[in-house]
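Worksheet: the structure to be examined is printed underneath.
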Amino acid sequence: NNHVPMNTNQKAFTYLYNFAGYIRRILESRFFLDCSNYTETEKTKGLVERVVVETVMCTNYLNDWKKQTKAICKYLNQKAADSDFEKLAENLCRLEKIITDDMKDIFNSKDSFIFLTLFDKFTKLDMEDSEFAGFLTEFKNHFRSTKMNGNGLLFDEIDKDKGTKDKAVIISKLDMLEKLMLEYLHIENSDEEEIDTLDFVKKNVNPELTREDVELYEEVLDDLTLNVDNSSKLMDKQNRTSLVAIVAYSFKNDIDLDEWIVDYFKRNDRYIRNINENFIHMKRDLDEYVI
């Protein structure tokens with residue numbers, strides 16, 4: 001019925017005109033036809049298009065996550081790259097070969113973008129895709145109803161007090177799933193290993209820095225964080241190396257962090273567990289803040 005007005009999701013899609021062709025081709029993939037659990041109504045009401053844009057946003061720009069589909073589309077139209085959509089298309093093609101009927105319901109309109117982001121993380125492990133299928137089966141049949149996160153919540157309880165599209169909820173779900181996946185695959189989470197801060201800062205900011213330089217940056221960081229919520233997850237030991245690296249980056253580029261760090265802590269209460277990705281996202285946020 002061409003007289004029915006567009007709904008919110010359909011209108012939002014019009015703001016992503018730079019990548020409309022990519023999205024249309026992705027929607028024609030067999031994954032969305034045979035390997036997922038969307039109702040016919042959802043398919044006609046723009047829910048699948050929403051899954052695509054949420055997946056690209058969550059996979060590549062989680063630190064800048066937006067709750068509203070329109071805001072995501074506007075952001076991606078300006079910031080995204082062709083490779084973001086090409087990688088998603090490649091991932092969907094791989095998933096088509098391993099998703100069986102008994103696990104299709106995992107890929108629904110609510111959680112698809114979470115599990116598609118998780119698969120993108122899996123692709124970096126250089127393992128057979130069948131291992132991911134095994135994890136999904138174990139998650140559905142066992143982990144989902146028995147495993148809890150650090151706050152004592154099952155996967156489906158994480159969003160019980162917040163919206164399903166809240167950034168903190170998404171990060172919590174992804175962190176839980178990634179930890180479970182690595183445990184299932186018997187892979188030690190290298191992101192939780194002790195990381196030498198000097199080595200990381202030299203590699204990512206300035207190779208000529210000394211340990212004395214890093215000690216100075218740590219002192220500066222301690223002063224900067226006097227004005228933030230010290231109960232924030234951002235103050236976790238695992239996030240300190242990234243914060244020290246940001247201080248080093250600010251020294252190198254003559255950037256004042258006083259206002260940015262307070263603002264950043266107000267806008268974020270979680271960090272990305274992969275330290276390299278985490279630092280890149282924080283640095284991008286700082287660069288955009290000072291423009």
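Just the heavy atoms: all of them, side chains too, but no hydrogens, waters or symmetry mates, feed the values below.
- A heavy-atom distance below 4.5 Å is found between the side chains of L153 and K160.
- Of the inter-residue distances, the one linking N276 atom CG with N204 atom CG reads 5.5 Å to the nearest 0.5 angstrom.
- Under the 30°/60° scheme for interplanar angles, the aromatic rings of F135 and F143 are found to be tilted.
- With values rounded to the nearest 0.5 angstrom, C73 atom SG is found 12.5 Å from K66 atom NZ.
- With hydrogens and angles disregarded, a donor-acceptor distance shorter than 3.5 Å links the side chain of T39 to the backbone of E42.
- At a cut-off of 3.5 Å, with distance as the only test, no side-chain donor of N108 or N37 sits close to an acceptor on the other residue.
- Taken to the nearest 0.5 Å, the CD1 atom of I275 stands 11.0 Å off from the CD1 atom of I280.
- The line from OG1 of T14 to CG of L16 is 9.5 Å long, rounded to the nearest 0.5 Å.
- With a 4.5 Å cut-off on side-chain heavy atoms, M127 and L185 count as touching.
- Judged by distance alone, with hydrogens and angles left aside, the side-chain atoms of Q78 form no donor-acceptor pair with the main-chain N or O of Y75 at under 3.5 Å.
- Side chain of W65 to backbone of E54: no donor-acceptor contact under 3.5 angstrom is found.
- Atoms CD and OG1, on E208 and T210 in that order, are 10.5 Å from each other to the nearest 0.5 Å.
- Note that K43 lies outside the cation-pi zone of Y38, set by a 6.0 Å cut-off to the ring centre and a 45° limit from the axis.
- In this structure, F19 and Y22 have tilted ring planes: the angle between them lies in the 30° to 60° band.
- With rounding to the nearest 0.5 Å, the separation of CG in D236 from OG in S242 is 11.5 Å.
- Among all heavy-atom pairs drawn from I158 and S172, the shortest one is CG2-CB, 3.8 Å.
- In this structure the side chain of E138 never reaches within 4.5 angstrom of the side chain of K147, judged on heavy atoms.
- In this structure a side-chain-to-backbone donor-acceptor pair under 3.5 Å is missing from S232 to M235.
- Under the 3.5 Å distance criterion, the side-chain polar atoms of T137 are matched with a main-chain donor or acceptor of A133.
- Using a 4.5 Å heavy-atom cutoff, the side chains of F107 and C35 are not in contact.
- With sequence neighbours left out, the ring pair (Phe, Tyr, Trp, His ring centres under 6.0 Å) criterion links F155 to F115, F139.
- Inter-residue side-chain proximity for D84 and T59 is flagged as unmet; no heavy-atom pair is nearer than 4.5 Å.
- A donor atom on one side chain and an acceptor atom on the other are not found under 3.5 Å apart for D175 and Y271.
- Applying the salt bridge (charged side-chain N to carboxylate O under 4.0 Å, His left out) test between D156 and each of R144, K140, K173 identifies R144 as the sole match.
- Contacts of Y264 classified as ring pair (Phe, Tyr, Trp, His ring centres under 6.0 Å), with partners at least two apart in sequence or in another chain: W260.
- In this structure, V56 is not a member of the same hydrophobic cluster as I272, with clusters built from ILVMFWY side-chain heavy atoms closer than 4.5 Å.
- Here the side chain of N253 pairs a donor or acceptor atom with the backbone of Y249 at under 3.5 angstrom.
- The cluster map of Ile, Leu, Val, Met, Phe, Trp and Tyr, joined by side-chain heavy atoms under 4.5 Å apart, puts L174 and I106 in the same cluster.
- Between the side chain of R50 and the backbone N or O of S109 there is at least one donor-acceptor pair closer than 3.5 Å.
- Of all non-hydrogen atoms in I72 and V53, the two that sit nearest each other are CG2-O, 3.7 Å.
- Transitive grouping of hydrophobic side chains (ILVMFWY, heavy atoms separated by less than 4.5 Å) keeps I170 and L47 in distinct clusters.
- Residues T123 and K87 have side chains that bring a donor and an acceptor to within less than 3.5 angstrom of each other.
- Inter-residue side-chain proximity for I98 and M103 is flagged as unmet; no heavy-atom pair is nearer than 4.5 Å.
- For the side chain to side chain contact (heavy atoms under 4.5 Å, CB included) with F31, the lone residue among N91, L116, I26 that qualifies is L116.
- T44 places a side-chain N or O within donor-acceptor distance of the main-chain N or O of E40, the cut-off being under 3.5 Å.
- Using modelled atom types and a 3.5 Å distance limit, the side chains of K233 and N239 yield no donor-acceptor pair.
- Distance alone, capped at 3.5 Å, places no donor-acceptor pair between the D111 side chain and the I114 backbone.
- At a cut-off of 3.5 Å, with distance as the only test, no side-chain donor of D120 or T117 sits close to an acceptor on the other residue.
- Using a 4.5 Å heavy-atom threshold, the side chains of V290 and D256 count as separate.
- Between the side chain of R30 and the main chain of E96, a donor-acceptor pair closer than 3.5 Å is present.
- Side-chain contact check for R211 versus E215: some heavy-atom pair is nearer than 4.5 Å.
- D263 and Y289 share no side-chain donor-acceptor pair at under 3.5 Å.
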Report task. Would you sort out whether V228 and N230 count as a side chain to side chain contact (heavy atoms under 4.5 Å, CB included), showing the intermediate values? Result -> CA-CA 6 Å; V228 304; N230 274 245; 4.0 Å; yes

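- For the ring-ring contact (aromatic ring centres under 6.0 Å, His included) condition, the pairs that include at least one residue of residues 217-244, sequence neighbours left out, are Y217-F251.
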